[in-house]
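Take a look at the structure below.
Every value quoted in this text rests on a predicted model; they were computed, and no experiment measured them. All values below come from the heavy atoms of this structure, side chains included, with hydrogens, waters and symmetry mates left out.
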Amino acid sequence: MLMIRFQRIGRTNDATFRIVAVEKARAAKSGSVLAQLGSYNPRSKALTLDAEAVKGWIGKGAQLSPSVNNLLIAQKVIEGAKVSAVRRKNIVKPVEAEVAETPAEAPAEPALAEETPAASAEAPAS
């Protein structure tokens, strides 16, 4: 299966991406890309893209990664709804939901304390 995805290039802490068509089973870093379709710099938002080649690869059955899909929709190269680019396993549940799910504990001590013998001996007798 073919994928259109980002291939990271650039220096440390200064990423730039190529938009490439690659086999899904292969990593984008492997160097065995089928076609280079463009480039994207997230800092300057500079995008160079061969839109006709992208549409051609999609016509051949290539799937888009979520990030590339959202970028192409924002640039109006393709139409559709944006998809969530965050993996479901990385989504953290809110802390309040975890607290609400724990069962309520019974009070450890009774509300009324017993009188101590010393307190009853000091009380005046009437």
Side-chain angles (χ1 to χ4, degrees):
M1 181 181 330
L2 299 174
M3 288 288 292
I4 298 176
R5 61 168 69 158
F6 286 128
Q7 178 184 31
R8 189 184 191 282
I9 57 174
R11 300 179 305 199
T12 305
N13 298 326
D14 188 22
T16 306
F17 298 96
R18 287 183 185 149
I19 300 171
V20 296
V22 67
E23 283 290 327
K24 185 173 183 173
R26 302 206 184 266
K29 284 185 167 185
S30 68
S32 60
V33 298
L34 300 174
Q36 182 177 340
L37 305 172
S39 63
Y40 177 64
N41 185 346
R43 284 192 173 194
S44 65
K45 306 293 185 213
L47 176 68
T48 306
L49 186 66
D50 186 0
E52 294 302 318
V54 170
K55 290 179 183 178
W57 281 102
I58 293 172
K60 292 177 185 176
Q63 294 182 346
L64 300 170
S65 71
S67 299
V68 171
N69 183 45
N70 293 342
L71 179 67
L72 295 178
I73 289 172
Q75 296 296 320
K76 298 187 172 119
V77 174
I78 61 172
E79 294 179 3
K82 290 188 175 183
V83 296
S84 177
V86 179
R87 293 183 181 174
R88 291 184 190 260
K89 67 179 181 180
N90 292 340
I91 297 175
V92 179
K93 291 190 339 185
V95 177
E96 298 171 351
E98 292 177 6
V99 173
E101 293 174 359
T102 59
E105 296 180 11
E109 297 181 20
L112 299 174
E114 296 180 19
E115 289 186 26
T116 58
S120 60
E122 294 177 9
S126 12

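Scanning all heavy atoms of the two residues, the minimum distance from Asn41 to Ala15 falls at OD1-O, 4.0 Å. When all heavy atoms of Gln75 and Leu47 are compared, the pair lying nearest together is CG-CD2, 3.2 Å. In plain terms, the two heavy atoms of Asn13 and Arg43 that are nearest each other are O-NH2, 3.0 Å. Shortest non-hydrogen contact noted between Ala74 and Lys82 is CB-NZ, 4.1 Å. When all heavy atoms of Asn69 and Ala81 are compared, the closest pair comes out as ND2-O, 4.0 Å. The two atoms that bring Gln63 and Lys24 nearest to each other are OE1-NZ, 4.4 Å, heavy atoms only.
With a 4.5 Å cut-off on side-chain heavy atoms, Leu71 and Leu49 do not count as touching.
In this structure, Tyr40 and Phe6 have parallel ring planes: the angle between them is below the 30° cut-off, well short of the 60° mark.
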Problem - From CA spacing to verdict: side-chain contact (heavy atoms from CB on, under 4.5 Å), Ile73, Glu79 - result: CA-CA 6 Å; Ile73 289 172; Glu79 294 179 3; over 6 Å; no

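Here the straight-line distance linking atom OG of Ser39 with atom CG of Asp50 works out to 11.5 Å at 0.5 Å rounding. Here CD1 of Ile4 is found 9.0 Å from OG of Ser65. Values are rounded to the nearest 0.5 Å.
With Trp57 as the partner, the side chain to side chain contact (heavy atoms under 4.5 Å, CB included) test is satisfied by one option alone out of Leu64, Val20, Leu37: Leu37.
Criterion: ILVMFWY side-chain heavy atoms under 4.5 Å apart, direct or through other members. Under it, Phe17 and Met3 are not part of a common hydrophobic cluster.
Asn70 places a side-chain N or O within donor-acceptor distance of the main-chain N or O of Val83, the cut-off being under 3.5 Å.
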